[in-house]
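For the single chain, residues carry numbers from 1 onward in sequence order.
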Amino acid sequence: MFNDKIEMVLLDMDGTLLNSQSEVSPKNKEILKQLISKGYKVAIATGRNYHEARSVVKDIAGLAYITNNGSHIIDFNGEIIFNRTIGQEDTISLLKIIESYPSLNYSLAAPEEIYMKSKLKFIKMVLSHKGVFKNKLNLFKSFALIKRLIRLFNSRKTSDNIYEVLKNSSLAVQKIDVMGKIDEMESFKKRIVESFGEKFKLSSSSKDNLEINPLNISKGTGLVYLADKLGIDVKNCIAFGDGGNDLELFEIVGTSVAMSNSEFSELKKKADIIAESNDDDGVAKILTRLLVVKA
């Protein structure tokens, strides 16, 4: 149910604030700037790392960031107020299990950099999953997807020996993102639980991925930490999302908004409001309606 005492807005990025071209639309951007100018707190809550999140919304001043699913939090003054990593030994153990599945690919996310096992494998996997090879996407969406993949390709790092990188660098792994076929992903998830019990936090931003974070880390815990620092009741917050990694966020906030383009029926069931899609300025339309700002 909508709380008319909203003080803070939390926004997932991919599939929510960002359109299919991975951009903030002019309407969404204008609404956020208006809210900030009126004194509302606006925070990004994303599975992306801090570097990637900041680069997309760098022209919107005054944001806070809950990144890598809550492992890294930057406050409204640009200060790091929370930072949690997966230990080196645990990271290596997890990678060895992932690599026992030939079809799985992974990336290791730190605040400012991301290492990926195989960039080419990742791109082929995404194009296949989205139906580009079978012409399931129209030309405009196919072009937007390819444009996004080129950006991702250029921003990721690779190494012939990721274990050496882990052992000989200060790489602070905060999230391991595993991608692959849905049936193998289910098998892999079960194996992680069997091998480590409840040592890690597991979530998904799409049906074909599994995101591994330190235990007790999520966007929801990130919200609680940030709100506590600000003296804001979490019930006076509104959150927008479209993925499985937004579930705990929805359980905590006073008002939750799921995007109509979400693939997660459970998220939509938990939501107080269903917004129009990320390509139809769903975020801006709901904020305009609820918080009385100009469209």
Q.
Testing the 3.5 Å rule here: is there a donor-acceptor pair between the side chains of Glu184 and Ser103?
A. yes
Going by atom type alone, with no hydrogens or angles, which donor-acceptor pairs under 3.5 Å involve a side-chain atom of residues 217-228 and a protein atom two or more places apart or on another chain?
from, atom 1, to, atom 2, distance (Å)
Ser218, OG, Gly220, N, 3.1
Ser218, OG, Thr221, N, 3.1
Ser218, OG, Glu248, OE1, 2.7
Lys219, NZ, Asp12, OD1, 3.0
Lys219, NZ, Ala45, O, 3.1
Lys219, NZ, Asp246, OD1, 2.7
Thr221, OG1, Ser218, N, 2.9
Thr221, OG1, Ser218, O, 2.9
Tyr225, OH, Ile81, O, 3.0

Q.
Which heavy atom of Glu211 sits nearest to which heavy atom of Ser205, and what is that distance?
A. OE2-OG, 2.7 Å
Q: Hey, could you give me the OG1/CG distance between Thr158 and Asp160, rounded to the nearest 0.5 Å?
A: 7.0 Å
Q) Is the side chain of Lys175 donor-acceptor paired with the backbone N or O of Gly47 at a distance under 3.5 Å, no angle test? A) yes
Q.
Could you check whether any side-chain heavy atom of Glu23 comes within less than 4.5 Å of a side-chain heavy atom of Leu18, counting everything from C-beta outward?
A. no
Q: Answer yes if Leu249 and Val257 sit in the same cluster of Ile, Leu, Val, Met, Phe, Trp and Tyr residues linked by side chain heavy atoms under 4.5 Å apart, and no otherwise.
A: no
Q: Rounded to the nearest 0.5 Å, what's the gap from CD1 on Ile36 to CD1 on Ile31? Could you check?
A: 11.5 Å
Q. How far apart are the closest heavy atoms of Gln88 and Lys167, and which atoms are they?
A. NE2-CA, 3.7 Å
Q. Is a side-chain N or O of Ser100 found less than 3.5 angstrom from the main chain of Ile97, in a donor-acceptor match?
A. yes
Q. With distance as the sole test, does Asp233 use its side chain to make a donor-acceptor pair with the main-chain N or O of Lys235 at under 3.5 Å?
A. yes
Q | Side-chain donor-acceptor contact under 3.5 Å, Gln174 with Asn83 | A | yes
Q | Residue pair Ser107 / Ile114: nearest heavy atoms and the distance that separates them | A | CB-CG2, 3.8 Å
(Q) If we ignore hydrogens and angles and just use 3.5 Å, is the side chain of Asn28 paired with the main-chain N or O of Ala284 as donor and acceptor? (A) yes
Q. So, do Asp177 and Asn209 sit near enough that their side-chain heavy atoms are less than 4.5 Å apart?
A. yes
Q. How about Asn213 and Asn69: does a side-chain donor come under 3.5 Å of a side-chain acceptor?
A. yes
**Q.** Working for salt bridge (Lys or Arg N to Asp or Glu O under 4.0 Å), residues Lys199 and Asp90
**A.** CA-CA 10 Å; Lys199 190 171 187 177; Asp90 284 335; 2.9 Å; yes
Q. Taking Asp75 for the side chain and Asn77 for the main chain, is one N or O donor matched with an acceptor at less than 3.5 Å?
A. yes
Q) Does Glu164 CD have over 12 foreign heavy atoms under 6.0 Å away? A) yes
Q. Less than 4.5 Å apart, any side-chain heavy atom of Ile73 and any of Ile80?
A. no
Q) Roughly how far, to the nearest 0.5 Å, is the NZ atom of Lys5 from the CD1 atom of Ile232? A) 14.0 Å
Q: Evaluate the side-chain proximity of Val42 to Met8: yes if any heavy-atom separation is below 4.5 Å, no if none is.
A: no
(Q) Could you tell me if the side chain of Met259 sits less than 4.5 Å from the side chain of Ile274, heavy atoms only? (A) no
Q.
Does any part of the side chain of Val173, heavy atoms only, come nearer than 4.5 Å to the side chain of Leu166, both counted from C-beta?
A. yes
Q.
Looking only at side-chain N and O atoms, does Thr16 offer a donor or acceptor that is under 3.5 Å from a partner on Asp242?
A. yes
Q) Roughly how far apart are Leu10 CG and Phe240 CZ, rounded to 0.5 Å? A) 10.0 Å
Q. Ala271 and Phe250: which non-hydrogen atoms are nearest, and at how many Å?
A. CB-CE2, 3.9 Å
Q) What distance do Thr91 atom OG1 and Lys96 atom NZ have between them, rounded to the nearest 0.5 Å? A) 12.0 Å
(Q) Could you check whether any side-chain N or O of Ser204 sits under 3.5 Å from a backbone N or O of Leu210, counting only pairs where one atom can act as donor and the other as acceptor? (A) no
Q: Would you tell me whether Ser256 and Asp272 have side-chain atoms, one donor and one acceptor, within less than 3.5 Å of each other?
A: yes
(Q) Which heavy atom of Gly62 sits nearest to which heavy atom of Phe76, and what is that distance? (A) O-CD2, 3.2 Å
Q: Before giving the answer on side-chain contact (heavy atoms from CB on, under 4.5 Å), spell out for Asn261 and Glu276 the whole-Å C-alpha distance, their side-chain angles and the decisive distance to 0.1 Å.
A: CA-CA 8 Å; Asn261 51 280; Glu276 291 186 40; over 6 Å; no
Q) Would you find a donor on one side and an acceptor on the other, under 3.5 Å apart, between the side chain of Ser55 and the backbone of Glu52? A) yes
Q) Do Leu32 and Tyr65 share a hydrophobic cluster (ILVMFWY, side-chain heavy atoms under 4.5 Å, transitive)? A) yes
**Q.** Interatomic distance, Ile86 atom CD1 to Ile92 atom CD1 [nearest 0.5 angstrom]
**A.** 12.5 Å
Q) Checking Glu7 side chain against Tyr40 main chain: does a donor-acceptor pair fall under 3.5 Å? A) no
Q. Is the NZ or CZ atom of Arg54 both under 6.0 Å from the centre of the six-membered ring of Tyr50 and within 45° of that ring's axis?
A. yes
Q | Heavy-atom closest contact (Ser169 atom, Val165 atom, distance) | A | OG-O, 2.5 Å
Q | Criterion side-chain contact (heavy atoms from CB on, under 4.5 Å) on Leu290 and Ile6, from CA distance to verdict | A | CA-CA 9 Å; Leu290 298 183; Ile6 295 297; over 6 Å; no
Q. Same cluster or not: are Ile182 and Leu267 linked, directly or through other Ile, Leu, Val, Met, Phe, Trp or Tyr residues, by side-chain heavy atoms under 4.5 angstrom apart?
A. no
Q. Is the NZ atom of Lys285 crowded by more than 12 outside heavy atoms at less than 6.0 Å?
A. yes
**Q.** Test item: side-chain donor near acceptor, Asp281 and Ser25, under 3.5 Å
**A.** yes
Q: Take Phe82 and Lys229, measure what side-chain contact (heavy atoms from CB on, under 4.5 Å) needs, and give me the verdict at the end.
A: CA-CA 11 Å; Phe82 186 85; Lys229 290 290 184 182; over 6 Å; no
Q.
In the structure I gave you, are the side-chain heavy atoms of Lys270 and Glu251 within less than 4.5 Å of one another anywhere?
A. yes
Q) Out of curiosity, does Phe200 fall in the hydrophobic cluster containing Val193 (side-chain heavy atoms, cut-off under 4.5 Å, transitive links)? A) yes
**Q.** Close side-chain approach of Val178 and Asn105, heavy atoms under 4.5 Å
**A.** no
Q: Apply side-chain hydrogen bond (donor to acceptor under 3.5 Å, both in side chains) to Asp280 and list each qualifying residue two or more places apart in sequence or on a separate chain.
A: Ser277
Q: Answer yes or no: is there an ion pair linking Arg48 with Asp14, defined by an N-O contact shorter than 4.0 Å?
A: yes
Q: Would you kindly confirm whether Ile66 and Val253 end up in one hydrophobic cluster when ILVMFWY residues are joined by side chain heavy atoms under 4.5 Å apart?
A: yes
Q) Step by step, would you call Met179 with Met116 a side-chain contact (heavy atoms from CB on, under 4.5 Å)? A) CA-CA 11 Å; Met179 301 141 280; Met116 179 167 278; 4.3 Å; yes
Q. Which salt bridge (Lys or Arg N to Asp or Glu O under 4.0 Å) pairs, counting each pair once, include a residue from residues 65-74, with sequence neighbours left out?
A. none
